[in-house]
Amino acid sequence: MSSEVEAAAADGVLGLFRRSTKHSLPLGSPCPNCATALQGPWCHACGQRAEDFHRSVLQLAAESLEGLFEFDGRFWRTLPKLVLHPATLTKAYLEGHRAPQVPPFRIFLIVLVLVFATHGIGRNETVNFVLPGQAQTVQATNLGDGFKIGVDKSDLDLKKKRTGIDRWLVDRLQVVLKDPGEFKRALGEWGHRLAVLFLPMAAGILGLLFINRRKIYLFDHLIFSMHSLSFQGLLLTASYLVTPLVGMSSRILWLAAPVHLFIHMRGVYASGVFMTLLRMAVLFALSLIGFMLILSALFFISLSTLKVHG
């Protein structure tokens with residue numbers, strides 16, 4: 001998991017319940033760490049939480065779980081609206097009613113971590129590298145978690161004279177076969193980083209689709225994209241979790257994706273049924289192209305991080 005995304009998501013979760021608790025030390029009492037007079041639930045001088053932790057382990061664990069799932073109440077107000085009333089949630093944020101809900105980018109990061117954490121559960125994926133003009137003989141290398149890489153054996157013949165990108169790719173495929181775990185780690189690290197690119201990509205496409213709309217700015221499209229992609233991420237996470245239980249029947253969950261997008265887009269942009277469906281089709285087509293470009297970049301960047309010896 002990418003350390004940057006993991007840290008950002010963790011900070012996002014912690015930021016949701018940084019508040020005073022029933023065990024906070026009284027205002028004015030000295031901070032246990034630096035002795036500065038406390039002015040709130042956190043020491044403004046050293047940043048340490050001003051709380052009395054002289055409690056049993058069970059109490060501490062129970063309160064940690066309570067704080068994690070409470071999120072100052074905002075999480076439980078945001079999640080149902082994100083799933084059932086996405087247009088209401090997005091319009092409320094754009095109109096300035098932001099305090100009652102989890103910030104869009106924060107919930108996007110948390111969902112992103114959930115997607116990568118559940119990816120691979122009950123899944124069996126194969127990625128094939130085949131250079132043009134070669135025989136289609138595939139050698140599979142297991143990377144764990146059901147993830148496999150197929151490499152054309154003839155492409156790895158070092159006796160062949162190769163130059164340029166051909167040589168570059170063959171050298172790194174050799175490294176993949178020798179140490180597939182390193183390539184998998186690179187995929188995970190860069191996958192988290194590049195996934196954030198879906199936000200500006202989606203916002204840019206929406207900007208083109210609604211270019212004739214006045215008083216709708218790129219910021220509005222970005223907030224819409226954060227909420228929409230967060231729901232799609234939750235749907236993907238649910239699909240990963242139920243696949244081991246119900247098999248391919250879990251795909252029925254994806255029927256909710258276009259329905260949710262239609263309700264969300266029509267509610268936020270106040271467009272007619274036909275224009276909403278038309279824009280959805282264009283959004284899907286352009287997003288698919290963007291997804292393939294980002295996926296290609298992911299594999300080539302991950303390959304470029306591998307060290308070639310000799």
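This chain uses plain numbering: 1 for the first residue, then up along the sequence. As the structure is a computational prediction, the values presented were derived from the model and not from experiment.
- With hydrogens and angles left out, the side-chain atoms of Y269 and H264 include no donor and acceptor closer than 3.5 Å.
- Taking a 6.0 Å sphere around CG of L84, one finds it holds more than 12 heavy atoms contributed by other residues, nucleotides or ligands.
- I252 and V242 fall into different hydrophobic clusters, where Ile, Leu, Val, Met, Phe, Trp and Tyr are joined by side-chain heavy atoms under 4.5 Å apart, directly or via other members.
- Cluster membership for L303 and M292, using ILVMFWY side-chain heavy atoms within less than 4.5 angstrom, is shared.
- Heavy-atom minimum distance, V115 versus G233: CG2-O, 3.4 Å.
- Remark: R185 engages E182 in a side-chain hydrogen bond (donor to acceptor under 3.5 Å, both in side chains) (not counting sequence neighbours).
- Cluster annotation: L278 is not connected to M265 through the hydrophobic network of ILVMFWY side chains, with a link wherever side-chain heavy atoms come within less than 4.5 Å.
- T118 contributes no side-chain N or O that, together with a main-chain N or O of Y240, makes up a donor-acceptor pair within less than 3.5 Å.
- Using a 4.5 Å heavy-atom threshold, the side chains of F299 and L187 count as touching.
- Between V196 and F108 the shortest heavy-atom distance is CA-CE2, 4.5 Å.
- Between P104 and S230 the shortest side-chain heavy-atom distance does not fall below 4.5 Å.
- Closest heavy-atom contact between A195 and L112: CB-CD1, 3.6 Å.
- Rounded to the nearest 0.5 angstrom, E189 CD and F116 CZ are separated by 11.5 Å.
- Pairing each heavy atom of H221 with each of A203, the nearest pair is CB-O, 3.7 Å.
- Between T305 and W190 there is a side-chain heavy-atom pair separated by less than 4.5 Å.
- Side-chain contact between P103 and M226 is absent, with no heavy atoms from C-beta onward closer than 4.5 Å.
- To the nearest 0.5 angstrom, L94 atom CG is 9.5 Å from I216 atom CD1.
- Using a distance-only test at 3.5 Å, with no hydrogens or angles considered, no donor-acceptor pair links the side chain of T90 to the main chain of A87.
- At distances below 3.5 Å, not a single donor-acceptor pair connects side-chain atoms of S228 with backbone N or O atoms of S225.
- Within the 3.5 Å criterion, the main-chain N or O of T276 finds no donor-acceptor partner in the side chain of R266.
- Using a 4.5 Å heavy-atom threshold, the side chains of C43 and L38 count as touching.
- With values rounded to the nearest 0.5 angstrom, S239 atom OG is found 12.0 Å from Q232 atom CD.
- Minimum heavy-atom separation, G290 to M201: CA-SD, 3.4 Å.
- A chain of hydrophobic side-chain contacts below 4.5 Å, direct or via other Ile, Leu, Val, Met, Phe, Trp or Tyr residues, connects V282 to F198.
- Judged by distance alone, the side chain of S29 and the main-chain N or O of P26 form a donor-acceptor pair under 3.5 Å.
- From R98, atom CZ reaches atom OH of Y93 across 5.0 Å, with rounding to the nearest 0.5 Å.
- Residues L236 and W254 approach most closely at CD1-CZ2, 3.3 Å, considering heavy atoms.
- The structure places CG of L109 at 8.5 Å from CG of L199, a figure rounded to the nearest 0.5 Å.
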Quiz item: After noting the C-alpha distance and the side-chain angles of L222 and Y217, does the key distance pass the side-chain contact (heavy atoms from CB on, under 4.5 Å) rule?
Solution: CA-CA 9 Å; L222 195 58; Y217 304 99; over 6 Å; no
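- Two residues are said to be in side-chain contact when any heavy atoms from C-beta on lie closer than 4.5 Å; L298 and S302 meet this criterion.
- Note that CZ of F284 is 10.0 Å distant from CE of M280, once rounded to the nearest 0.5 Å.
- Contact of the L234 side chain with the L79 side chain is registered, since non-hydrogen atoms from C-beta on lie closer than 4.5 Å.
- For R77 (side chain) and P100 (main-chain N/O), a donor-acceptor pair under 3.5 Å exists by modelled atom type.
- Between the side chain of H260 and the main chain of L82, a donor-acceptor pair closer than 3.5 Å is present.
- Between I205 and S287 the shortest side-chain heavy-atom distance falls below 4.5 Å.
- Both V273 and L209 are part of a single hydrophobic cluster, where members link through side-chain heavy atoms under 4.5 Å apart.
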